[in-house]
Amino acid sequence: MSDDKISMNHGAGGEVMANLIASTILDNITKKSVNGGISLDALDDGASIPLGDDYEIVFTTDGHTIDPLFFPGGDIGRISAAGTINDVSVMGARPLAISNAIIMQEGFPIEDLDRIIKSLNEACQEVDVAVITGDTKVMPQDKLDGIVMVTTGIGIAKKGEVIRDSTLEVGDKIIITGSLGDHGMSLMSFREGFGFETDLKSDVAPMWNIIKKALEIGGVTAMKDPTRGGFANAINEMASKSGVGVVLEQDAIPIKEEVHAVSEMLGIDPFEVANEGKVVMGVKADKAEEILEAIRSEKYGENAAIIGEVVEGDYVVVNTPIGGERILEAPIADPVPRVC
Ligand code: MG
């Protein structure tokens, strides 16, 4: 692929995509913040608009191009709702509503659209989020692959209480709310045709109820959802934006047996593939156990774990069970395309 054309890697959530955004999008936009809120330049999970003295609106948007549309554990409707709700939630904001734009290929089965919208609705209902606006468009048969959905989410936080992905502090503990790699690995194994031989399914789920519990306890310093580029991308982004290092204990990081198995078969690192129902949290050390317990009591949080801590430094390091250590780098691009 020539350097002056878009390649699949430009949408794959790694270094290649980050470079494209920096060199084309950020450079060409003039006004990137309102009322001193979190700007486009922050490239956080969402942006914010402070309103008056009391509140901050959190705003985010997400395009969904997943292939296949229906997969073990979910479909494009559920992922559209959950993905957007999660980007609002990891900003520490209560998600209120989403919009949903649908672009369909001529000939798309109405029955499938019905299933997709019911599934989107179900994910919204889990966290009491409304769908308040949308758009529906159709393109000629050979111009689009099935259906593309664009979801925008809006939430609210008390002013000054919005949580960033760039505010880890030395001494914080790192919590992951469940096992890593489920979405990317299940999607990949399904596409490769051995999805029916495993119980593996996507973790796609709205995370607000878990995050709300953690916020009520207090001491959450930074959050991010490890979607495209996986946990490796999320933790590296959090560490580098915060100007800190992170030390992780490999033994403490939850990964399902089936994910390990598929990962070995395909030669894909479970740390580098998307999760759609997980949160990486930095929390104050003295609150870590209490927050962990609260998360574990919630649906989708049973396998949460404290997996490491924030240190002074420039790298994310993983201590291996045999006493070694390795540097965990952000992937160039997510190894699994069209994952969300
Ligand atoms: Mg995100």
Side-chain angles (χ1 to χ4, degrees), residues 11-15 17-18 20-22 25-26 37-48 57-66 74 76 78-95 98 123 127 129 149-155 157 162-168 174-178 180-184 187 202-208 210-212 214-215 220-242 271-282 300 330-331 333-334 336 338-340:
E15 203 182 310
M17 186 179 88
L20 176 77
I21 292 171
I25 298 171
L26 297 185
I38 296 166
S39 79
L40 180 62
D41 284 319
L43 297 178
D44 208 323
D45 299 281
S48 79
I57 294 287
V58 165
F59 188 51
T60 191
T61 194
D62 234 326
H64 299 274
T65 62
I66 192 160
I76 189 171
R78 183 167 176 82
I79 210 170
S80 295
T84 304
I85 288 166
N86 292 345
D87 276 338
V88 171
S89 303
V90 294
M91 301 299 290
R94 198 255 176 271
I98 61 169
V127 286
V129 162
M149 292 171 74
V150 179
T151 320
T152 298
I154 192 160
V162 169
I163 295 186
R164 313 291 303 269
D165 62 4
S166 55
T167 41
L168 286 175
I174 301 292
I175 291 178
I176 183 76
T177 60
L180 289 177
D182 298 9
H183 178 72
L187 203 68
S202 168
D203 57 353
V204 56
M207 291 283 101
W208 170 246
I210 280 180
I211 289 172
K212 182 170 173 255
L215 294 175
V220 177
T221 55
M223 280 194 279
K224 195 161 195 67
D225 57 338
T227 53
R228 276 175 305 171
F231 173 71
N233 196 67
I235 193 71
N236 271 287
E237 203 175 322
M238 292 173 85
S240 70
K241 283 178 170 176
S242 307
F271 284 176
E272 295 188 357
V273 301
N275 308 271
E276 293 292 340
K278 298 289 147 51
V279 181
V280 184
M281 265 181 212
Y300 310 127
D334 191 308
V336 186
R338 292 189 60 185
V339 75
C340 59

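Indexing begins at 1, ligand by ligand and atom by atom, following the structure's order. One is the number of the first residue; the rest follow in order along the sequence.
- Between the side chain of D44 and the backbone N or O of D165 there is at least one donor-acceptor pair closer than 3.5 Å.
- Using a 4.5 Å heavy-atom threshold, the side chains of I163 and V90 count as separate.
- In this structure, T177 and Y300 have side chains that are not in contact, with every pair of non-hydrogen atoms separated by 4.5 Å or more.
- A 4.5 Å side-chain heavy-atom check between T60 and M91 finds every atom pair outside the cut-off.
- Residues H64 and T84 meet the side-chain proximity criterion, which asks for heavy atoms closer than 4.5 Å.
- Only protein N, O or S atoms were scored, and 3 of them lie under 2.8 Å from the Mg ion (ligand 1).
- P331 and A232 make their closest contact through CD-CB, 4.0 Å (heavy atoms, listed as atom of the first residue, atom of the second, distance).
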